[in-house]
Amino acid sequence: MTTRASGVRRVVVRVEGIVQGVGFRPYVFLLAEEHGLAGTVLNDTRGVLVDVEGDGAAIAAFVYDLPLRAPPLARVARVDVQEQAPAGARGFAIVHSEDGGEWGALVAPDGATCADCLAELRDPADRRHRYPFVNCTNCGPRFTIVRGVPYDRPLTTMAGFGMCADCRSEYEDPRNRRFHAQPNACPACGPRARLVDAQGEDVASDARDAVTAAAALLRDGAIVAVKGLGGYHLACRADDARSCATLRARKHREDKPFALMVADLAGARALVTLGEREAELLTSIARPIVLAARRPDGPVAGAVAPGTAELGVMLAYTPLHHLLLADVGTALVMTSGNTSDEPIAYRDEDALGRLEGIADAFLTHDRPVHIRTDDSVVRVVRDRPLLLRRSRGYVPDSIALPIPCARPVLACGAELKSTFCVAKEDRAWVGHHIGDLGNVETLVSYTEGVAHFETLFAVAPAVVAHDLHPDYLSTSYALEREGVQLVGVQHHHAHLAAVLAEHGETGPAIGAIYDGTGYGSDGTVWGGELLVGELVGFARVGSLHTVALPGGDRAVREPWRMACAWLVAASGEGVAMPAVFAGQVAPAMWDAVASLASGGFSAPPTSSMGRLFDAVAALCGLPPRVTYEGQAAIALEALADRAECGAYALPVGADGVLDARVTVRAVTADLKAGVLASVVAARFHHAVAEATAAACATAASVAAVGTVVLSGGVFQNRLLLEDTAARLDATGLRVLLPERLPPNDGG
């Protein structure tokens, strides 16, 4: 190494982000050797600290390479370089972490099994051949096994497994890819798989026999509960109609689609049509469930995803999954291990108790899951990922805030698709998907998650934000927090602000925020809103025309009620029941609901865009009753003829009100005239997109802003979102969409 004084530099490099427990220090060690540099690297409370010395040009190249070539699980958020006087260092070393202070280093999401580990898994000569828990610093469990910080083995659920001599040698060798891999293990010293029956009795206790035996059961049509990274799945053959129907009946999940797991991209392409971006998402280290257009000839039972044009497919992401799929030889249904409306089971005893009546056997293991985590769900819109559920593989990645928090914050979220968020200084951590806060079990999962994040990221909230809705369990939880400042946030403004914040912006912007229901600042039920606002405030500049919500929440489960309400609003008088509901809705019930919609009790006014989609779906002959939130809108999107370019009229008044009464009259006229429901569905989608773009353009002109945000659960609809965004593009306005957070209440 050159040591001429004029050419020697020394810098101290501070690296922040997800840089601990992901092989970053050995990466720095090898990178420094590659560039012929001396110095040290260590973990501290903020991330990784590198003190490096050597030739000036080599230093510059090292600093340039440092974030670009980082390990797969690393997320470099910030690199700060400070010049120091050369000290004559010789050699490069990894030194012990600094103690003391508050740990602020970030924790990595769980990562899918890497190619190197898969090669070992499949190599008969390797000591980890067919070992279901093979992992290294580049892959494997992280978030789901962490109990506290700093991220060291004693503070993970691997604490009870002492490493054998071979694993210890790998763990202590900075040139080995298992250097300081906290979940490191092998068949001699690590976790073991077991196959047990519904009573918890062993069917096969040897790890390799357990997977083989579970695969045999699945091939024969059994339902097997499989313990994954963040909890239990319920698995059965995807091509077995009887097994899929049995799983639906036992799980009490009548219509909601099941997710599928396949071994590789070829397996996915046998089921769905994949574009380049869908393939990238499927093979990413996050391994989400990706929604893609189903192939009509795909070997999938009808009971997997009734009434949908897409299938949710994911690739195997743990060694156990890889072994199981290879042994079964077919795609598997891999759905959350729960009954409807309950959180996913993740503790072994709880799983046996709750899933006993569903699963015929349990493929389990003795590595505890510390925090339950569902699979993430994503679809591609405008050639970009649109997250529908953000959980395993993405959580707990942080989001940089455009304005630092003056005090630590807890945001409690809404009721459906519940999440929470903790924030301090310039970072925010949005929690994993919890589910709908409708029962005690889900609330317990929610409170456990909040407590875990507060511990993990050292956030002691001084401010607690909550939805304005007084009856949400998340609001009740917020109000019970003591010694904090409470801040109520309007639901749709929260959607607008969340998208601005994730893009690092403060506004102002126009927001078209469309969802099912949200508590308006005037105390009414909002859901089709045009806002102009910033992070800290907003004004309502338009909305969907309000109609009655007959029966309140019953209208959410029975879309025919919303069809009735919109027909009453459109006609201004009593309406006869359309023939499409004959035999499905009692005439007396229709008349009673029509009376409610005309101004009776239990029919609050709503501007909900989601409920308008429900109404049109019911009029088009789709099921008048649904079993899960969003089902009618999903079916309407699937029904729409993509070749149809026409659009119904949907006038926008001077007051910014979108008058869909005109649209509903056109829908009913076309249907009576025999126009195909698929054409009607397409024209309706285009009507909403055209009116939204026009209303946003007018509002943007009046407010003198150039940015439009599209968010809310209705914009999970790809047809609507792409059409609306394209029309806004044509006006010259800049469109911001949710990318790192879901458009639904999970954001």
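Note that the numbering runs from 1 along the sequence shown for the chain. Because the structure is a prediction, the values reported are computed rather than measured.
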What side-chain donor-acceptor pairs closer than 3.5 Å can you find for residues 591-601, not counting sequence neighbours?
| unit_1 | atom_1 | unit_2 | atom_2 | d |
| --- | --- | --- | --- | --- |
| S598 | OG | A594 | O | 2.9 |

No-hydrogen, no-angle side-chain donor-acceptor test under 3.5 Å, S521 and R540: no

Ion pair R382/D729, N-O distance below 4.0 Å: yes

E722 and R718 ion-paired at < 4.0 Å: no

Presence of salt bridge, R734 and E505, under 4.0 angstrom: yes

Residues in side chain to side chain donor-acceptor pair (under 3.5 Å) contact with Y477, at least two apart in sequence or another chain: R481

Pair listing, salt bridge (Lys or Arg N to Asp or Glu O under 4.0 Å) test, anchored in residues 736-747, at least two apart: R384-E739

Aromatic ring pairing H495/H492, orientation class (parallel under 30°, perpendicular over 60°, tilted between): tilted

Check: S445/R372 side-chain N/O donor and acceptor closer than 3.5 Å: yes

Flag for D374-S336: side-chain donor and acceptor within less than 3.5 Å: yes

Counterpart residues, salt bridge (Lys or Arg N to Asp or Glu O under 4.0 Å), relative to R354 (two or more places apart): E342, D350

For H432, side chain to side chain donor-acceptor pair (under 3.5 Å) partners two or more places apart: none

Test side chain to side chain donor-acceptor pair (under 3.5 Å) applied to R611 - qualifying residues, sequence neighbours left out: D614

